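On a predicted model such as this, the values are computed, not experimentally measured, just so you know.
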Amino acid sequence: MKYWLFKTEPDAFGIDDLANMPNQTEHWDGIRNYQARNFLRDDIAVGDLVFLYHSSCKQVGIVGLAEVTRAGYPDHTQFDPEAKYYDPKSSTDKPRWYMVDIRLKEKFPQLLSLQAVKAMEEITDIGLVKKGHRLSIMPVAEHEFEILLQRCKG
DNA sequence: GCCAACGTTGGC
DNA sequence: GCCAACGTTGGC
């Protein structure tokens, strides 16, 4: 099993939106970065655990835990000319972009702020604490995931 | 809204 | 394949 962190902008689609979906499950579409795409297509498996992270908002940080319920499959929004993330260079027989489905497991009682994560001495590897890291899908090492999860649960 | 740090594009 | 220009991300 692997561990991940997905960034999202709560103004667009946040943890509460996920909580309100049927079965608290939704496809994670709109990722348009090749490195993140490779994770979605090749590495993320059913059962993997995912931290949800709110970015570009008042309180940035880790807000909850989800699990992957469907592994990588083509992101349909790339084929829709009306969609925000339409990609005219992609085709159905050779899709460029992928997504996974995730189900909310837990919303943490308190958000673990980015500042708090950066202040944790044990946490040195996760992309969040590295300068200029802008990946919206990033792997999290198992030991760091465990430490962060314990901290989130308070 | 600013701006640094990226990633992507496209001319050559 | 280089690299300047451009667009995007995301914390502040």
Side-chain angles (χ1 to χ4, degrees), chain A residues 2-21 26-44 48-68 71-102 104-141 144-145 147-154:
Chain A
K2 296 199 181 76
Y3 304 89
W4 307 93
L5 181 142
F6 289 7
K7 288 182 187 172
T8 186
E9 298 188 15
D11 292 341
F13 189 88
I15 190 168
D16 293 328
D17 297 300
L18 183 58
N20 287 328
M21 298 305 293
E26 180 62 310
H27 51 267
W28 207 256
D29 63 76
I31 303 298
R32 297 293 183 266
N33 168 285
Y34 287 105
Q35 211 179 335
R37 185 281 310 270
N38 292 344
F39 289 139
L40 289 168
R41 188 189 58 189
D42 306 330
D43 298 324
I44 300 180
D48 283 2
L49 293 177
V50 176
F51 279 135
L52 293 176
Y53 176 90
H54 280 177
S55 69
S56 298
C57 59
K58 262 196 167 159
Q59 280 205 301
V60 299
I62 297 171
V63 292
L65 182 68
E67 72 173 320
V68 176
Y73 62 108
D75 177 344
H76 56 81
T77 64
Q78 69 194 307
F79 308 125
D80 177 5
E82 303 296 315
K84 181 181 175 190
Y85 292 109
Y86 175 59
D87 184 348
K89 293 180 184 167
S90 189
S91 63
T92 47
D93 51 322
K94 256 200 140 186
R96 181 181 281 191
W97 306 113
Y98 282 72
M99 62 187 180
V100 300
D101 290 354
I102 63 171
L104 181 66
K105 282 180 77 78
E106 183 176 358
K107 181 179 177 178
F108 299 130
Q110 274 192 320
L111 149 151
L112 181 62
S113 71
L114 176 61
Q115 201 179 6
V117 174
K118 285 180 172 170
M120 292 169 70
E121 284 181 10
E122 320 90 291
I123 305 299
T124 56
D125 198 41
I126 191 171
L128 280 185
V129 304
K130 290 183 178 167
K131 193 178 176 188
H133 223 281
R134 301 186 311 168
L135 266 184
S136 53
I137 302 277
M138 65 179 75
V140 183
E144 295 204 350
F145 189 93
I147 293 167
L148 288 166
L149 185 59
Q150 285 312 309
R151 178 70 180 271
C152 286
K153 292 191 170 193

Show me, pair by pair, the donor-acceptor contacts under 3.5 angstrom made by side chains of residues 53-67 of chain A, not counting sequence neighbours?
from, atom 1, to, atom 2, distance (Å)
A/His54, NE2, A/Ile15, N, 3.1
A/Glu67, OE2, A/Arg103, NH2, 3.0

Which donor-acceptor pairs under 3.5 Å do side chains of residues 2-11 of chain A form with protein atoms, sequence neighbours excluded?
from, atom 1, to, atom 2, distance (Å)
A/Trp4, NE1, A/Asp48, OD2, 2.9
A/Lys7, NZ, A/Leu135, O, 3.4
A/Thr8, OG1, A/Phe13, O, 2.4

Next on the checklist: Is there a side chain to side chain contact (heavy atoms under 4.5 Å, CB included) between A/Ile126 and A/Phe145? Walk through the geometry before answering.
Outcome noted: CA-CA 9 Å; A/Ile126 191 171; A/Phe145 189 93; over 6 Å; no
Item to check | Sub-4.0 Å heavy-atom contacts from residues 52-61 of chain A onto DNA chain C, ordered by number | outcome: A/Tyr53, A/Ser55, A/Ser56, A/Val60
Next on the checklist: Please compare A/Asn33 and A/Lys89 by the position of their nearest nucleotide in DNA chain B and report the one closer to 5'.
Outcome noted: A/Asn33
Pairs under 3.5 angstrom only: tabulate donor-acceptor contacts from the side chains of residues 83-99 of chain A to other protein residues two or more places apart or in another chain.
from, atom 1, to, atom 2, distance (Å)
A/Asp87, OD1, A/Lys89, N, 2.9
A/Asp87, OD2, A/Arg96, NH1, 3.2
A/Asp87, OD2, A/Trp97, NE1, 2.8
A/Ser90, OG, A/Gln78, OE1, 2.7
A/Ser90, OG, A/Arg96, N, 3.0
A/Ser91, OG, A/Asp93, OD1, 3.0
A/Ser91, OG, A/Lys94, N, 3.3
A/Arg96, NH1, A/Tyr34, OH, 3.3

Checklist entry - Is A/Asn20 reaching over with its side chain to a backbone N or O of A/Asp17, donor-acceptor style, under 3.5 angstrom? => result no
Please report, to 0.1 Å, the donor-acceptor pairs under 3.5 Å made by any side chain of residues 106-113 of chain A, with sequence neighbours excluded.
from, atom 1, to, atom 2, distance (Å)
A/Lys107, NZ, A/Asp16, OD1, 2.9
A/Ser113, OG, A/Ala116, N, 3.0

Item to check | Atom of A/Ile31, atom of A/Ala36 and distance for their closest heavy-atom approach | outcome: CG2-CB, 3.5 Å
Next on the checklist: For A/Lys130, I'd like to know if atom NZ has over 12 heavy atoms of other residues, nucleotides or ligands within 6.0 Å.
Outcome noted: yes
Checklist outcome for this item: The first and last nucleotides of DNA chain B lying within contact of chain A, meaning any atom under 4.0 Å from one of its heavy atoms, run from B/dA5 to B/dG10
